[in-house]
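My questions will all concern the structure given below.
Keep in mind that this is a model prediction, so the values were computed, not measured. Below, chains carry the letters A, B, ... as their sequence lines are ordered, and counting in each starts from 1. Because only heavy atoms are used, hydrogens play no part in the values below, and waters and symmetry mates are left out as well, while side chains stay in.
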Amino acid sequence: MRTEVIKDKIKMIQEALREIRRGTAEIIDEARIEKLLKAYIEKGETFTVKAGFDPTAPDLHLGHTVLLHKLATFQKYGANVQFIIGDFTAQIGDPTGKSETRKKLLPEAIVKNAESYKEQVFKILDPEKTTVLFNADWINPLGAAGMLELTTTHNVARMLERDDFEKRYKNGTSISISEFIYPLLQGYDSVHLKSDIELGGTDQKFNLLMGRHLQRAYEIGKEQAVLMMPILEGLDGIQKMSKSLNNYIGVADAPNDMFGKVLSISDDLMWRYYELLSALSLDEIEVLKFGVADGTQHPKKVKEALAIEITARFHGEEAAQSAKAEFDKVHAKNQLPSDIAEFELEGPIWIAKALQDCKIAPSTSQARRDLKQGAVKIDQKKVTDEQLQLEAGEYILQVGKRKFARAKVK
RNA sequence: GGUGAGAUAGUCAAGUGGCCAACGACGGCAGACUGUAAAUCUGCUCCCUAUGGGUUCAGAGGUUCGACUCCUCUUCUCACCA
């Protein structure tokens, strides 16, 4: 009997470790993580996992949520998450990946951004097991003396080892002294909070390790394990997801857009998204993969399930289902979408001009090309006459598969 | 501070007096095939009711019948020297 229970627990620990490892780029001190999991599963002892967020980016996209999902996984296995809003450090600006010194943020902007963070993260994290903290709360009291003490733990040569700094130094790009302070402060957060584990992106490695070193320097009796998540690829599957590349799925995207965007990714990329963004377990995903491989599952269905899961997470199950219904209506049954932007135009109006005015063609030149290529439809019927004039009446204009407009010609 | 090289469309990158709205690649858009997938094939990719007109090749001047191409100045980038 006893041995059964012990075997079960060992299995649980292995299972937990597998989920923790899922999708990670690198783990430092995995043994420590295993120990923490063991203590939780055997004795119910909880531990802390820290992750810091710069309150500079109010537009969150799915790339940012990869880390949140990993935190949620930890919460399943006994972690209390220390969710840190870097309100103090934001005044400096994280040097990571930046080719130049960053501008300072206004305090009001920081507060506003932090609020929008909170709104979004609890769609993924368990609020019961999450503590939101502002690092100005313990860094401000540090004072000049404390700050000075912090700087004695490292020297300039060591700082310059860091990639970004080294490059910038070589290139003669300016490095502000305050930027040296940034990693120290982030590391100090770990000292203050006595974190057991810290999560971050791969680009954060230097900063994350700083937490380990400082915990040793300050002799708090533990050194945090570090777990790094990879950068999520964007819709194209090649470049990283980012707003400027316009290959992102924003957490604030409308349900229909979100659903459509997920469905437009390639089948290969779908598995990547499953790995990093789905709440399904590894075993469940394996089943899907086998299903697709032996033909019992259609890849589109599997992708749909993912699209629904993701859409539901941010907009609720109902909105996700109606997004799917809407999608089927437009694309499978070739019907019109239910929401079409409306424009009032003065008639009679030249078709190319009408397309431009309805914002579904950027210029009349482009509109003419679209016409010539058979991409334009009026009331679902293809139109190729470049000279067509629209008389008074109501028309549904369409360019390609996705751009619709309702034109009311007076 | 000195010398040299460079700045061309969303990005990379040809073009060194007219054949240039400017080769090509990537990206993007559209069409075919599909599952709004991938792959593939095709067309398009500055603006303008157009077999034509207008504005473009860092900026400002100049030479010339004619300039992305030559000259002058300015701004910025890179390399070498100090």
Can you see if the side chain of S363(A) gets near the phosphate of C48(B) - specifically, an N or O under 4.0 Å from OP1 or OP2?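 Checking S363(A) against C48(B): at least one side-chain N or O falls below 4.0 Å of OP1 or OP2.
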
Does K129(A), at its NZ atom, have more than 12 non-hydrogen atoms belonging to other residues, nucleotides or ligands within less than 6.0 Å?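 Counting neighbours around NZ of K129(A), more than 12 heavy atoms of other residues, nucleotides or ligands fall under 6.0 Å, so yes.
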
Nearest-angstrom distance from the residue atom CD1 of I238(A) to C1' of G27(B):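 In whole Å, G27(B) C1' and I238(A) CD1 are 10 Å from each other.
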
With rounding to whole Å, what would you report as the distance between G66(B) and U56(B) at their P atoms?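 Between the two P atoms, the distance is 16 Å.
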
Atom-pair distance (CD1 on I351(A); C1' on U49(B)), nearest Å: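 In whole Å, U49(B) C1' lies 13 Å from I351(A) CD1.
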
Without swapping roles, check the side chain of K70(A) against the backbone of I20(A) for a donor-acceptor pair under 3.5 Å.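 Flag set: sc K70(A) to bb I20(A) pair under 3.5 Å.
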
Residues of residues 383-396 of chain A with any non-hydrogen atom less than 4.0 angstrom from an atom of RNA chain B: list those, numerically ordered, please.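 Under 4.0 Å from RNA chain B: Q387(A), Q389(A).
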
I'd like to know if R406(A) pairs up with E394(A) as an ion pair, taking the criterion as any Lys NZ or Arg NE/NH1/NH2 lying under 4.0 Å from an Asp or Glu carboxylate oxygen.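 Answer for the salt bridge query: yes.
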
For G43(B) versus C33(B), give the span between their C1' atoms, rounded off to a whole number of Å.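 Their C1' atoms lie roughly 16 Å apart.
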
Rounded to the nearest Å, what distance is computed from the CG atom of residue L371(A) to the P atom of nucleotide C44(B)?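 Going from L371(A) (CG) to C44(B) (P), I get 16 Å.
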
Does R369(A) make a side-chain N or O approach to OP1 or OP2 of C47(B) shorter than 4.0 Å?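 Checking C47(B) against R369(A), a side-chain N or O does come within under 4.0 Å of OP1 or OP2.
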
Flag side-chain contact, heavy atom, 4.5 Å: L227(A) against L208(A):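 A side-chain contact under 4.5 Å is absent here.
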
Quantified in whole Å, what is the C1' atom distance between nucleotide G28(B) and nucleotide C46(B)?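 Straight-line distance between the two C1' atoms is 15 Å.
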
Could you give the CD-to-C1' distance, from E233(A) to A38(B), as a whole number of Å?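 Value for this atom pair: 16 Å.
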
Looking at S264(A), I'd like to know whether one of its side-chain N or O atoms comes within less than 4.0 Å of OP1 or OP2 on A37(B).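 False: S264(A) side-chain N/O out of range (4.0 Å or more) of A37(B) OP1/OP2.
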
Taking 4.0 angstrom as the limit, do K9(A) and E42(A) come out as a salt bridge?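 Salt bridge between K9(A) and E42(A), a charged N being under 4.0 Å from a carboxylate O: no.
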
Between A7(B) and U69(B), how far apart are the two C1' atoms, rounded to whole Å?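 These two C1' atoms come out 14 Å apart once rounded.
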
Where does the angle between the aromatic ring planes of F83(A) and F53(A) fall among parallel (under 30°), tilted (30 to 60°) and perpendicular (over 60°)?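 F83(A) vs F53(A) ring planes: parallel.
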
For salt bridge (charged side-chain N to carboxylate O under 4.0 Å, His left out), just list the numbers for D268(A) and R272(A), CA-CA rounded to whole Å, side-chain angles, deciding distance to a tenth of an Å, and then say yes or no. CA-CA 7 Å; D268(A) 286 342; R272(A) 178 75 169 157; over 6 Å; no

Between the side chains of D29(A) and K35(A), is the shortest nitrogen-to-carboxylate-oxygen separation below 4.0 Å, so that they form an ion pair?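 So K35(A) does not pair with D29(A) through a salt bridge.
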
R368(A) CZ to C46(B) P, straight-line distance once rounded to whole Å: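 Between P of C46(B) and CZ of R368(A): 15 Å.
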
Protein-nucleotides 29-35 of chain B N/O pairs closer than 3.5 Å?
unit_1 : atom_1 : unit_2  : atom_2 : d
G35(B) : O6     : D267(A) : OD2    : 3.2
G35(B) : N1     : D267(A) : OD1    : 3.2
G35(B) : N1     : D267(A) : OD2    : 2.8
G35(B) : N2     : D267(A) : OD1    : 2.7
G35(B) : N2     : K303(A) : NZ     : 2.6

Across the strands shown, which category fits S365(A) at heavy-atom distances under 4.0 angstrom: base, sugar-phosphate, nothing?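 It contacts base atoms.
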
So what's U55(B) paired with, Watson-Crick or G-U wobble, going by both distances under 3.5 Å?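 Paired with U55(B), as far as the under-3.5 Å criterion goes, is no nucleotide at all.
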
Say whether, by atom type as modelled, one donor and one acceptor occur between the side chain of Q398(A) and the main chain of G400(A) under 3.5 angstrom.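 Looks like yes, one N/O pair under 3.5 Å.
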
Nearest-Å distance once atom P is located in both A30(B) and A21(B):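 Comparing P positions in A30(B) and A21(B) gives a spacing of 29 Å.
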
Please set out all donor-acceptor pairs under 3.5 angstrom arising from side-chain atoms of residues 298-306 of chain A, sequence neighbours excluded.
unit_1  : atom_1 : unit_2  : atom_2 : d
H298(A) : ND1    : K300(A) : N      : 2.9
K303(A) : NZ     : I265(A) : O      : 2.7
K303(A) : NZ     : D267(A) : OD1    : 2.9

